[in-house]
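Proteins come first, then strands; the chains are lettered A, B, ... in the order of their sequence lines, and each starts at number 1.
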Number of protein chains: 2
Amino acid sequence: MERRRGAELETVLLDAAWDELMEVGYAQLTMESVAARAHTGKQVLYRRWRNRAELVVAAMRHHTGSIVDNVPDTGTLRDDVLGVLQRMADRFTTLGPDTIHGLMAEAPDLDPEVYRRMTGVMRTVVERAAARGEIPTADVPAQVLTAPTNLLRHEIFFTHEPVPSSILTSLVDDVFLPLVSGTPRRSG
Amino acid sequence: MERRRGAELETVLLDAAWDELMEVGYAQLTMESVAARAHTGKQVLYRRWRNRAELVVAAMRHHTGSIVDNVPDTGTLRDDVLGVLQRMADRFTTLGPDTIHGLMAEAPDLDPEVYRRMTGVMRTVVERAAARGEIPTADVPAQVLTAPTNLLRHEIFFTHEPVPSSILTSLVDDVFLPLVSGTPRRSG
DNA sequence: TCCGTAAGAGACGCAACGTCTCTAAGGAGC
DNA sequence: GCTCCTTAGAGACGTTGCGTCTCTTACGGA
C-alpha cells in the first residue's frame, strides 16, 4: 500500500474537502465523508485541523489564492472598483450562501480578518485614482471606502440567487463614485 | 396536574425558547432543553414548529413586535434615519451574532423578507423628508435607499462587539445624507 | 538495521436530532 | 354527569456525526 505523507497527503485532503464542498455543500459535508473520499481516517484530518470549519477554510484558501494579490489597475477608478466587486461576486458565488452562513456560524473568529483585507484593496484603488487626479482626495471616510464591498457582501449574504451585474454598477455609480468624486460637504 | 393548552401553552413554549436563547445562545439551545424548561415533552414543540430554527424565529417574533410599526418621525431626515439605525442596532445586539449566523445557516428561506421590510421604512422616511423640502426629491436609487440599513446590518454580522454609535452617525453623515441631499451628478 | 513518527482504519462514548409510543387530562357533545 | 376525542406530558428509540482513542503497520531518518 502506497502511503501518502507530508505535503502530498495534505493536498489530497484539501482537494477532497473542496470536492466534497462543491458536491454536497457545507451542511452535508462531514469529516467522515471527507476522510472516506481521501481514502484515509478521521484522525488524519483531526491531526491537522481542529474541526470542520477550519478544514473547509483551509480547503478554500488552498483552492483559490488570495484576492489581495493583483489589485485591479485599469486606469479608471470606476473600472477598478467594478473589477474588485466582480471578483468578490465571482468568488462567493462559487461557494454559495449556505457554505458562507455555515462557516460564519461555526468559525466566528475568522470573519473580521477576511473583510478587513478588502479595505486595503479599496484604499490602494482610491489612492491611485487620487494620484491620477481623478478624484480630489484619497482622504475618504472609512465607511465610504468600504461601502461598495460591504454592500456587495451584504447582498451576497442575503440573496440566494447570483448577484446581477446591474447591482454592481449601481453600487459604483449611484453610491461610491458620487461620494468620492464631488465629496460635497453638506451645507447644514 | 394542571395541564396547559392552546394559546397559554404556546406562550409558555415561546417564552421558554426565548429565555433559553438569551441564556445559552442559539448554538447551545436544543429542543430538549427548551422542552425541559417548559416542563413538557419534545413532541409538543415538534407539533408546532418543524425544527429549531422555526421555533427560535417564532420566539423572536413573539418577544419583540415588528420594527415596521411606528416609523421614526422626528421632523428631520437625519434624526429619522439615526432612529431607524439605532433601533436595528439595539434589536440585533440583544440577539448576538452567533444567533443570527446560526439562524441564517439553518433557515435560509427566512432572511429576504426580514430585510426587505426596512426598505419600506426607509422609503417612508425619505418621502417625508422630500415633502418637507429637506431634500430635492424622494426619487432615490434603491441601492442608496437601503445603503444605511444594509451597511449597519453588515456591520452587525461581521463584528462581534456592539456597534458603536459613531458608526451610525458616520453612515448617516458620510454616506447617506451626501447621497440624498445634494445628489450631485458626476461631471464626467 | 533499528526506531520513532504518523498513516490508515475503525471502535467508542456522547449528544442531539426527529419519530414513535404510551398514559391520562380535560374540553366538547349528548 | 358520562363518554369520547384530542393532545399534553413524558420518555424510549434508532440514527447520525462528532471528537477521542486504540491498534497495526508503512516508511523515512539515523
Side-chain angles (χ1 to χ4, degrees), chain A residues 1-17 19-21 23-59 62 98-99 101-110, chain B residues 1-17 19-21 23-59 62 98-99 101-110:
Chain A
M1 179 56 161
E2 289 288 309
R3 188 171 278 191
R4 290 87 43 101
R5 308 188 127 252
E8 179 201 356
L9 175 59
E10 190 132 336
T11 296
V12 171
L13 300 176
L14 292 172
D15 286 346
D19 291 345
E20 194 71 10
L21 186 65
E23 279 186 27
V24 305
Y26 185 74
Q28 311 298 326
L29 179 147
T30 71
M31 296 302 258
E32 256 124 358
S33 68
V34 173
R37 186 186 275 264
H39 304 291
T40 185
K42 287 193 288 181
Q43 191 59 38
V44 173
L45 296 176
Y46 280 107
R47 234 189 301 270
R48 289 170 174 75
W49 303 281
R50 276 178 304 174
N51 49 50
R52 206 163 63 120
E54 286 195 7
L55 167 60
V56 170
V57 169
H62 180 255
D98 45 337
T99 295
H101 291 142
L103 276 180
M104 299 278 305
E106 289 182 27
D109 24 322
L110 168 83
Chain B
M1 179 57 159
E2 286 287 310
R3 188 171 276 192
R4 289 86 44 100
R5 308 187 127 253
E8 180 201 355
L9 175 59
E10 191 133 334
T11 297
V12 170
L13 299 176
L14 292 172
D15 286 347
D19 292 346
E20 194 70 11
L21 186 66
E23 280 185 28
V24 305
Y26 185 74
Q28 311 298 327
L29 177 147
T30 70
M31 296 302 257
E32 256 125 359
S33 67
V34 173
R37 186 186 275 265
H39 304 293
T40 184
K42 288 193 288 181
Q43 191 59 36
V44 173
L45 296 176
Y46 280 108
R47 233 190 300 270
R48 290 171 174 73
W49 303 281
R50 276 178 307 175
N51 50 48
R52 204 163 65 120
E54 287 195 6
L55 166 60
V56 169
V57 168
H62 180 254
D98 46 335
T99 294
H101 291 142
L103 276 181
M104 299 277 304
E106 290 182 26
D109 23 322
L110 169 84

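When the salt bridge (Lys or Arg N to Asp or Glu O under 4.0 Å) test is applied to A:Arg47, no partner is found at least two apart in sequence or on another chain. With sequence neighbours left out, A:Arg52 forms a side-chain hydrogen bond (donor to acceptor under 3.5 Å, both in side chains) with A:Glu106. Evaluation of the side-chain hydrogen bond (donor to acceptor under 3.5 Å, both in side chains) rule for A:Glu23 yields A:Arg37 as partners, not counting sequence neighbours. Among residues two or more places apart in sequence or in another chain, the side-chain hydrogen bond (donor to acceptor under 3.5 Å, both in side chains) test is passed with A:Arg48 by A:Glu10. With sequence neighbours excluded, the residues that form a side chain to side chain contact (heavy atoms under 4.5 Å, CB included) with A:Asp15 are A:Thr11, A:His62.
Taking atom CG of residue A:Leu45 and atom P of nucleotide C:dG8, one finds them 10 Å apart after rounding to whole Å. To the nearest angstrom, P of D:dG28 lies 13 Å from CG of A:Leu9. Rounded to whole Å, the distance from CH2 on A:Trp49 to P on D:dC18 is 15 Å. Rounding to whole angstrom units, CZ of residue B:Arg3 and C1' of C:dA25 are separated by 4 Å. Regarding B:Leu13, its CG atom lies at a distance of 13 Å from the C1' atom of D:dT7, rounded to whole Å. D:dG17 atom C1' lies 12 Å from atom CD of A:Glu106, rounded to whole Å.
Judged by atom type and distance alone, B:Arg47 reaches the base of D:dA8 through a side-chain donor-acceptor pair under 3.5 Å.
Distances shown here put a side-chain N or O of B:Arg48 below 4.0 Å from the OP1 or OP2 atom of D:dA8. Phosphate proximity of D:dG9 to B:Arg4: present, with a side-chain N or O under 4.0 Å from OP1 or OP2.
When side chains are defined from C-beta on, A:Leu13 counts as touching A:Leu9, because their heavy atoms get closer than 4.5 Å.
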Exercise. Indicate for each nucleotide in nucleotides 10-19 of chain C, in 5' to 3' sequence, whether protein heavy atoms under 4.0 Å reach the base (B), only the sugar-phosphate (S), or nothing (-).
Key: -B----SBBB
